[in-house]
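In what follows, a structure is listed as structure tokens, so that the remarks can point back to it.
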Protein chains: 2
Amino acid sequence: MNELLQYIHSLTAFDTESWALLQPALTQQTFNKNELLLKEGQVCRSLFFIVKGYCKSYYEVDGLVKNTGFFFENEIATNISSFGSGQKSEFNIVACELLTVIIIDKEKLFQAAQQAPEIETLGRQCIRLFATKQEEFSNLFKLYTPQERLEYMETRHPAMLQRVSLSQLASFLGVARETLSRIRKRRSHV
Amino acid sequence: MNELLQYIHSLTAFDTESWALLQPALTQQTFNKNELLLKEGQVCRSLFFIVKGYCKSYYEVDGLVKNTGFFFENEIATNISSFGSGQKSEFNIVACELLTVIIIDKEKLFQAAQQAPEIETLGRQCIRLFATKQEEFSNLFKLYTPQERLEYMETRHPAMLQRVSLSQLASFLGVARETLSRIRKRRSHV
DNA sequence: TTCATCCTGTGACGATCGTCACAAAAATCA
DNA sequence: TGATTTTTGTGACGATCGTCACAGGATGAA
């Protein structure tokens with residue numbers, strides 16, 4: 001739980017009383033590789049704070065897997081749209097390795113937030129971080145070519161490149177696996 | 001101001017006391033076409049609630065304009081990243097028509113939020129909507145081809161198509177203006 | 001109305017991409 | 001270790017895209 005507390009402190013002032021109030025909303029859990037945290041069609045009722053390992057969100061379109069996000073240690077994975085609106089999720093979240101998370105239950109989180117404005121603020125900050133990340137990756141596609149997108153990930157998110165395979169990354173960058181291969185080749189032969 | 005109040009009621013329970021507390025944070029203002037609401041390099045200290053007209057966010061990369069978002073009536077335009085973190089904005093927001101907005105000042109909003117948890121909740125909901133919108137458009141690029149992206153906009157955001165020119169939309173969809181022209185042509189000759 | 005500006009369509013051409021296919025390399029597991 | 005699976009590289013080929021160029025149409029201001 002210590003990782004979560006540090007994460008919270010990095011986002012907002014938080015006293016021991018708020019931390020105590022938050023406890024009922026928290027459950028630690030592990031997922032095996034390829035195990036689903038959230039399944040398409042379900043309503044997302046949790047935030048998943050990642051202690052160890054990583055997971056990804058993906059759509060299945062015409063039987064094909066399309067990765068839309070990767071989430072690593074000290075980040076929160078969730079379907080912000082489903083979590084906020086209560087509507088069914090259109091995508092899945094799956095563990096890519098053995099994964100340890102702290103599950104934050106929505107209903108109990110809201111109950112705690114009513115008793116401590118610090119918790120409400122925390123919730124707002126979490127969503128803000130999430131929105132910022134979405135914005136960053138959304139703009140990748142509008143501003144850059146596939147090659148520039150790869151270079152952006154290499155310079156700005158090197159840790160991700162080291163843990164995610166080329167095939168997985170290709171889907172996330174919206175190009176074919178072979179394209180990333182060829183971009184590498186083109187660059188090395190300059 | 002009535003439009004804003006309706007918008008707020010659609011997001012959260014809000015009593016007259018909270019509404020009164022919020023007033024000092026609000027200023028109505030108009031912008032002429034091509035006038036900037038937010039300039040690259042500035043820190044974004046406002047939420048812009050759009051009463052009438054529309055605006056867009058855009059980057060300037062190598063002297064070229066790249067549109068990243070369009071914002072219409074009863075939506076909030078802002079740079080969520082800059083607004084939240086206090087860092088300089090990397091993009092501009094500009095009025096595309098004569099624009100009437102209610103400017104919500106960040107500092108005064110936070111002061112009001114400390115006195116009424118309803119306002120804190122409102123802020124969280126606004127950010128949530130913003131994140132949801134970002135997520136939607138971010139996934140457009142990972143899931144669909146240019147033709148499918150255009151079709152998505154036509155079916156899910158027809159109002160936007162009616163108000164934004166093809167050239168402007170092309171930039172937003174991450175393709176050349178001519179490509180959208182040809183997609184239209186290809187479809188009509190089936 | 002007239003002029004200037006903006007927007008859209010279209011042809012040509014080279015570059016890049018997606019797909020299919022297969023081989024090599026790396027990782028995983030028994 | 002050896003076998004199996006996963007991942008990556010690469011060639012071929014057709015489709016699509018970006019760029020450049022120019023023409024016509026729409027829009028708006030004088």
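Lettering of chains follows the sequences in order, A, B, ..., and the numbering in each one begins at 1. Just so we're clear, the structure is a prediction, and the values are computed from it rather than from any experiment.
- In terms of phosphate contacts, A:Thr179 brings no side-chain nitrogen or oxygen within less than 4.0 Å of OP1 or OP2 of C:dT16.
- Distance A:Asn67 CG to D:dT7 P: 11 Å, rounded to the nearest Å.
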Steps toward side-chain hydrogen bond (donor to acceptor under 3.5 Å, both in side chains) verdict (B:Gln147, B:Glu151): CA-CA 6 Å; B:Gln147 173 161 350; B:Glu151 284 161 4; 3.2 Å; yes
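- Centroid-to-centroid, the aromatic rings of A:His157 and A:Phe137 come within less than 6.0 Å.
- One interatomic measurement links the two molecules: NZ of B:Lys33 to C1' of D:dT27, which rounds to 9 Å at whole-angstrom precision.
- A cation-pi contact, defined as under 6.0 Å to the ring centre and within 45° of the axis, is absent between A:Arg124 and B:Phe83.
- Using modelled atom types, one finds a donor on one side chain and an acceptor on the other under 3.5 Å when comparing A:Ser57 with A:Thr68.
- For A:Thr145 and C:dT16, the shortest distance from a side-chain N or O to OP1 or OP2 is not below 4.0 Å.
- In this structure, A:Lys142 is not positioned above the aromatic face of B:Phe141 in the sense of NZ or CZ being under 6.0 Å from the six-membered ring centre and within 45° of the axis.
- Side-chain proximity of A:Val175 to the nucleotides D:dT19, C:dG18, D:dG9 is greatest for C:dG18.
- The base of C:dG18 lies outside donor-acceptor range of the side chain of A:Arg177, with no N or O pair under 3.5 Å.
- In this structure, A:Gln147 reaches neither bases nor backbone, as no heavy-atom distance under 4.0 Å exists between it and the strands shown.
- Atom-to-atom, CD of B:Glu148 to P of C:dC17 comes out at 18 Å; the value is rounded to the nearest Å.
- As rounded to whole Å, 14 Å separates atom P of C:dC22 from atom CD of A:Glu178.
- If you check distances only, the side chain of A:Arg182 does reach the base of C:dT19 with a donor-acceptor pair under 3.5 Å.
- The side chain of B:Ser165 contributes an N or O atom lying less than 4.0 Å from OP1 or OP2 of C:dT8.
- When rounded to the nearest whole Å, the span between CD1 of B:Ile183 and P of C:dT8 equals 14 Å.
- Taking atom CG of A:Leu180 as the reference point, atom P of C:dC17 lies 9 Å away to the nearest angstrom.
- With C:dG9, D:dT8, D:dC17 as the candidates, the nucleotide lying closest to the side chain of A:Ser167 is D:dT8.
- Regarding B:Phe141, its CZ atom lies at a distance of 17 Å from the C1' atom of C:dC17, rounded to whole Å.
- Heavy atoms of A:Ser181 sit under 4.0 angstrom from at least one base atom.
- Straight-line distance from the OH atom of B:Tyr144 to the P atom of D:dC17: 17 Å, rounded to whole Å.
- Using a 4.0 Å cut-off, no side-chain N or O of A:Lys185 falls inside it from OP1 or OP2 of C:dT16.
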